[in-house]
S.K.: 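Got a structure for you, written out below as structure tokens; questions coming shortly.
Every number for a ligand or one of its atoms is a count from 1 in the order of the listing. All figures in this text were calculated on a predicted structure; none of them were measured in a lab.
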Amino acid sequence: MASEEFQEVRVFAPATVANVACGYDVLGFAIDQPGDEVVVRLASEPGLRITKITGDEGKLPLIAEKNTAGIAALDFLNHLEKSDLGVEMEIHKKMPFGSGLGSSAASAVAGVYAMNVLLGEPLSKKELLPFAMSGEASADGAWHADNVGPCLLGGIIFIRDNETLDLASLPVPENLWAAVVHPDIEILTKVARDILPREISLPNVTRQVGNLGGLICGLLQNDYGLISRSIHDVVAEPARRQLIPGFAEAKKAALDAGALGFSISGAGPSVFALCEGEEVAQKAGAAITEIFGGLSLGHQLYLSRVNQRGVTVMN
Ligand code: HSE
């Protein structure tokens, strides 16, 4: 696409489910909704200016150098030696902070991808990964691509090594659905990371590695039984579930409703049930929301296949 075709670009970056139970910091998938939107347009005044942010309750900085989407976009412009380019950016937050849905990753990905399209796509989506990562790391303080990877590229992404961003896209079984439920509480990722054990026992390392390998094999072989047997987390979930009211009951309800597995989405408080088919996902979603509703906890339910497109242009 030639740059002159795009004076204004609007993009959508989807929410993501990181960890997927047994893949702490190394596995994640994208869903269809919710997601953040970013608009960029060329402007005569040099430099990147954030002119509008909606949906953030005034929490996000308008200063580009301090804003997740702005940092990702600026890093990218610096790389291209175009930091003087005049650009205006609008950010429309469409998902809550501290939700476990990859909110900061979505903003970072949307910021850098919109800029890439505005400039006529000089880089591939995969080449945008480091810039989106620096945007997200500015919000989260940690360097893990399990939200940014699937948000950018779509699908289910396995990260062999976060430092070098060596990642692989896994096949998505056709009838795989997710019921993702966000209960209306906020858990800061930093808090949810600080609560994790510093050391893991050797038997638990063996269990976690076995389950991660099993889940990947299950996806490769379209084997729902193997997927189901592998969705267990002995590392993060045991430490984090106490932060989510009704977690044990919601898990039992989802599994009783036929879900293949259930765990925390990213750092929480959102939870997810992976399911074979839409009907089971609907039942599992209803069962989870009933538990949160019974605790008078507001919540949002998202039913989705795995989103295979990742970030997309809307206009
Ligand atoms: N893998 C990360 C965590 C995801 O569990 O802390 C949170 O963004």
S.K.: Can you report which non-hydrogen protein atom sits closest to atom 6 (O) of ligand 1, along with the distance?
M.R.: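 Closest protein heavy atom to atom 6 (O) of ligand 1: Arg193 NH1, 2.7 Å.
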S.K.: Counting heavy atoms only, which of Glu136, His144, Glu237, Lys190 is nearest atom 4 (C) of ligand 1?
M.R.: His144
S.K.: Considering only heavy atoms of Asn147, which atoms of ligand 1 have at least one such atom less than 4.0 Å away?
M.R.: 4 (C), 7 (C), 8 (O)
S.K.: Assess, by modelled atom type and distance only, whether the side chains of Glu237 and Ser263 contain a donor and an acceptor separated by less than 3.5 Å.
M.R.: yes
S.K.: Would you kindly specify which portion of Asn19 sits under 4.0 Å from ligand 1, judged on non-hydrogen atoms: side chain, backbone, both or neither?
M.R.: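 The answer is the side chain.
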S.K.: Could you list which atoms of ligand 1 come closer than 4.0 Å to a heavy atom of Asp146?
M.R.: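 Matching atoms, with element in brackets: 1 (N), 2 (C), 4 (C).
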S.K.: Can you confirm whether Gln300 is buried at CD, in the sense that more than 12 heavy atoms of other residues, nucleotides or ligands lie under 6.0 Å from that atom?
M.R.: yes
S.K.: Judged by modelled atom types alone, do Lys93 and Thr54 share a side-chain donor-acceptor pair under 3.5 Å?
M.R.: no
S.K.: For Tyr24, take its heavy atoms, then give the atoms of ligand 1 lying under 4.0 Å from any of them.
M.R.: 3 (C), 5 (O), 6 (O)
S.K.: Do Asp75 and Ser134 have a side chain donor and acceptor closer than 3.5 Å?
M.R.: yes
S.K.: With a cutoff of 4.0 Å, is Arg240 in contact with ligand 1, counting heavy atoms of the residue only?
M.R.: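 Distance cut 4.0 Å: Arg240 passes for ligand 1.
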S.K.: With no hydrogens and no angle check, do the side chains of Asn147 and Thr16 hold a donor and an acceptor under 3.5 Å apart?
M.R.: yes
S.K.: Measuring from atom CZ of Phe131 to atom NE2 of His79, what distance do you get when rounded to the nearest 0.5 angstrom?
M.R.: 4.0 Å
S.K.: Distance under 4.0 Å to a non-hydrogen atom of Asp25: what atoms of ligand 1 satisfy this?
M.R.: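 Per the distance check, 1 (N), 2 (C), 3 (C).
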